[in-house]
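Each chain gets a letter, A, B and so on, in the order its sequence line appears, and its residues count up from 1. Since this is a predicted model, take the numbers as computed values, not measurements.
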2 protein chains.
Amino acid sequence: MTTPPHASRPRPPANVPDSVELSRRIRDAGLKATPQRLAIYGALIGTTQHPTIEAIHEVVRPKLPALPLGTVYKTIESLEEAGLVMEVSLPGNAKRYDANVSPHHHLVCTSCDIVLDFRDDALDALRPKVRWNGFRPTHVKVQVHGICSECQRRDSTGSR
Amino acid sequence: MTTPPHASRPRPPANVPDSVELSRRIRDAGLKATPQRLAIYGALIGTTQHPTIEAIHEVVRPKLPALPLGTVYKTIESLEEAGLVMEVSLPGNAKRYDANVSPHHHLVCTSCDIVLDFRDDALDALRPKVRWNGFRPTHVKVQVHGICSECQRRDSTGSR
DNA sequence: CTATCTGCAAAAACTTTGCTTACCC
DNA sequence: GGGTAAGCAAAGTTTTTGCAGATAG
């Protein structure tokens, strides 16, 4: 059966793992669990926003006001190589990142640019069936572009 | 002879529309058909490579050796706004573009990074069925990541 | 003719790099 | 203590901008 979408609007109250759990994951991935990594990885886990490096920097600033932007770049690179974080390919100039590395897809609102995660078993079932031209698929990324419910509501009530 | 059932690799011999046709499309889109636009749009139509701005610049160089990179940026922007060209969201730093604006999807080889276009009616049939959380879909972009047939062949014969 | 587009140069935005010091394990 | 990571600054890459002159329609 199809998994219902879990993306309730502004955002689901993030159930962020505690720092002990974050440290464990980071060490399990073969990395040292530094305060910077904890903060950055924690920030990424605690949002559904697919932020840019800049945005991550902003979010972490209260916790680590002196953190240089360059360190965010290096940290995200490490986390990505370790498989804890994924780059999300979206329109726009700056790269965006996601700490949700389990299989999922994206709803992209072309009106407000928000990106919502969703899972769908029917889509996951697609991969093994794919066999185009000798291409051997490993995973399928689906981006559904359209208008989110919030924008639909605003557009119908707000105007006129 | 008949078309073979499987597309042959490096690329299908591009059937590039002539410049009269290109001019018409550009004017129909409400833009002036300048030599720069003809060259750039033609270059993008004539490749299946999803090139970056830099790559387009290279390709066009023989025809317009003095063309500044900045003009390629501006031209692609115009063509994109006019709906003649689309940005393709792929991993990597520079944006990539596609003159194929008809509905299609992408096979991304994670070994050699080539991006192949493909169409699939089953995928197209997906959109109307999508109805996640009040989101109203307009179109679905699918990226299938995996290993292309060329890399499979190379990996099995080349090694050992 | 004239609104649009090109060429050019500077600047802004984004990302990487090299190296020294700090600190996790 | 040793090796990895952070901090810092400079440079590299990619993209945007503003304006003067050129040109397609």
Engineer: Report the residue (B/Lys32 or B/Tyr73) whose heavy-atom-nearest nucleotide on DNA chain D is the more 5′ of the two.
Structural biologist: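 Counting from the 5' end, the first nearest nucleotide belongs to B/Tyr73.
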Engineer: Quick one: do B/Glu58 and B/Arg61 satisfy salt bridge (Lys or Arg N to Asp or Glu O under 4.0 Å)? Show the steps, please.
Structural biologist: CA-CA 5 Å; B/Glu58 301 287 272; B/Arg61 192 188 297 289; 3.0 Å; yes
Engineer: What's the CD-C1' distance between B/Gln36 and C/dG7, to the nearest Å?
Structural biologist: 9 Å
Engineer: Relative to the 5' end of DNA chain D, which residue comes earlier, B/Glu77 or B/Glu54, by the nucleotide with the nearest heavy atom?
Structural biologist: B/Glu54
Engineer: Just checking, is any N or O donor in the side chain of A/His105 or A/Asp117 under 3.5 Å from an acceptor N or O on the other one?
Structural biologist: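 No - no donor-acceptor pair under 3.5 Å links their side chains.
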Engineer: How close or far is atom C1' of C/dC19 from atom NZ of A/Lys74, stated in whole angstroms?
Structural biologist: 9 Å
Engineer: Could you tell me which non-hydrogen atom of B/Pro35 sits nearest to which non-hydrogen atom of B/Leu64, and how far apart they are?
Structural biologist: O-CD1, 4.1 Å
Engineer: Walk along DNA chain D from 5' to 3' and tell me the first and last nucleotide with an atom closer than 4.0 Å to a non-hydrogen atom of chain B.
Structural biologist: D/dT14 to D/dG25
Engineer: Given atom CD of B/Glu81 and atom P of C/dT4, what is their separation to the nearest angstrom?
Structural biologist: 13 Å
Engineer: Just to be sure I understand the rule, does A/Thr71 reach a base, reach only the sugar-phosphate, or reach nothing, if contact means heavy atoms closer than 4.0 Å?
Structural biologist: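 If one applies the 4.0 Å heavy-atom cut-off, A/Thr71 turns out to touch a base.
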Engineer: Using side-chain heavy atoms (C-beta onward) and a distance below 4.5 Å, is A/Thr48 in contact with A/Leu116?
Structural biologist: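 Contact flag for A/Thr48/A/Leu116 side chains = no.
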Engineer: Quick one: does B/Ile56's side chain get under 4.5 Å of B/Ile76's, heavy atoms only?
Structural biologist: yes
Engineer: Atom NZ of B/Lys95 to atom P of C/dA13: distance rounded to whole Å?
Structural biologist: 14 Å
Engineer: Between C/dT4 atom P and B/Ile26 atom CD1, what is the distance in whole Å?
Structural biologist: 17 Å
Engineer: So among B/Glu80, B/Lys141, B/Arg96, which one has a side-chain contact (heavy atoms from CB on, under 4.5 Å) with B/Met86?
Structural biologist: B/Lys141
Engineer: What's the CD1-P distance between A/Ile53 and C/dC14, to the nearest Å?
Structural biologist: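 So the CD1-P distance, A/Ile53 to C/dC14, works out to 11 Å.
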Engineer: Mind calculating the distance between CG (B/Leu69) and P (C/dG7) to the nearest angstrom?
Structural biologist: 12 Å
Engineer: Are the charged groups of A/Arg25 and A/Glu21 less than 4.0 angstrom apart, N to O?
Structural biologist: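 Yes, charged N to carboxylate O under 4.0 Å.
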Engineer: If I take atom OH in residue A/Tyr97 and atom P in nucleotide C/dT15, what distance separates them, rounded to the nearest angstrom?
Structural biologist: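 For the pair A/Tyr97 OH and C/dT15 P, the rounded distance is 6 Å.
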